[in-house]
Amino acid sequence: MADRRLILVTNDDGFYAPGIQALAEALGALGDVAVVAPDQERSGVARLISLGRPLRARPRGELRWTVDGSPTDCAYLAIHELLPRAPDLVVSGINRGPNLADDVTYSGTVAGAMEAALLGLKAFAISLDGRPPLDYGPATTVAVAVAELMLNRRWPVRTMLNVNVPDTRGEPVTGFRWTRGGLRDYGHTVTVREDPRGRPYYWLGGDRLGYYPLDGSDCDAVAEGLAAITPLDLDLTHEKLLAAMSEVDLPGFERR
Ligand code: MN
């Protein structure tokens with residue numbers, strides 16, 4: 001008899017976050033679920049990998065580990081060492097808060113799925129928009145549907161999906177759109193305050209972020225109450241720019 005499907009789940013909100021617990025439980029309908037996740041919140045660490053210090057993985061039950069590292073560390077360690085076999089799918093999330101547009105470059109959630117995609121595995125990240133308290137139920141239904149879609153199709157290597165789910169206040173999500181990454185307005189604020197010893201400290205980013213409308217974007221879809229699914233290519237090479245630059249010289253160097 002063939003092995004049951006194995007699905008690896010990770011995140012950046014930490015092993016004990018409600019989003020990953022809800023996700024792991026829901027994906028249990030599709031196969032065996034392993035959870036390897038940071039032992040504390042690691043949001044916004046992007047593709048951080050721990051190369052200069054040891055990592056500890058602590059067993060937390062059957063196919064469950066916490067790791068004192070980043071989402072990338074978790075996916076790497078799970079796939080290369082902890083899991084009994086290669087997972088058929090890797091899912092990262094469900095993140096508390098959206099990962100839209102350029103968020104993918106900051107996101108630890110997206111990074112966890114990226115690590116799996118780089119290793120040739122099927123992977124997606126999933127994030128939930130909205131204000132607390134968040135109800136992850138509707139997003140788990142989206143996660144299971146996307147997981148089934150990926151498990152049942154051939155998938156191009158070094159690609160992944162970035163899924164964002166609107167805040168429906170517990171109501172079912174009824175629609176989705178295939179999207180492109182949108183344009184977020186980060187505000188680019190720096191708040192400067194003084195510490196108790198009279199030295200300045202700096203706090204990056206505002207509290208509420210906006211976005212600019214862009215046809216077909218993930219931001220627009222989520223704002224319309226749709227789940228947004230954006231395919232990402234891990235090859236960041238810009239083909240058009242490469243072609244445009246191919247006859248351009250760099251002064252002082254021989255172009256070969
Ligand atoms: Mn997070």
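Numbering starts at 1 and runs along the sequence shown. Each ligand, and each atom within it, is numbered from 1 in the order the structure gives.
By the criterion of side-chain heavy atoms lying less than 4.5 angstrom apart, applied directly or through intervening Ile, Leu, Val, Met, Phe, Trp or Tyr residues, L48 is not grouped with V104; the two fall into different hydrophobic clusters.
A side-chain N or O of T66 and one of R60 form a donor-acceptor pair less than 3.5 Å apart. Of the N and O atoms on the side chains of T230 and T179, at least one donor lies less than 3.5 Å from an acceptor on the other residue. Remark: the D103 side chain and the Y186 side chain contain an N/O donor-acceptor pair separated by less than 3.5 Å.
For the Mn ion (ligand 1), the tally of protein N/O/S atoms lying closer than 2.8 Å stands at 4.
Every side-chain hydrogen bond (donor to acceptor under 3.5 Å, both in side chains) that R255 has, sequence neighbours left out, goes to D249.
Look at R5 and D88 and you find no salt bridge, because none of the NZ, NE, NH1 or NH2 atoms lies under 4.0 Å from a carboxylate O.
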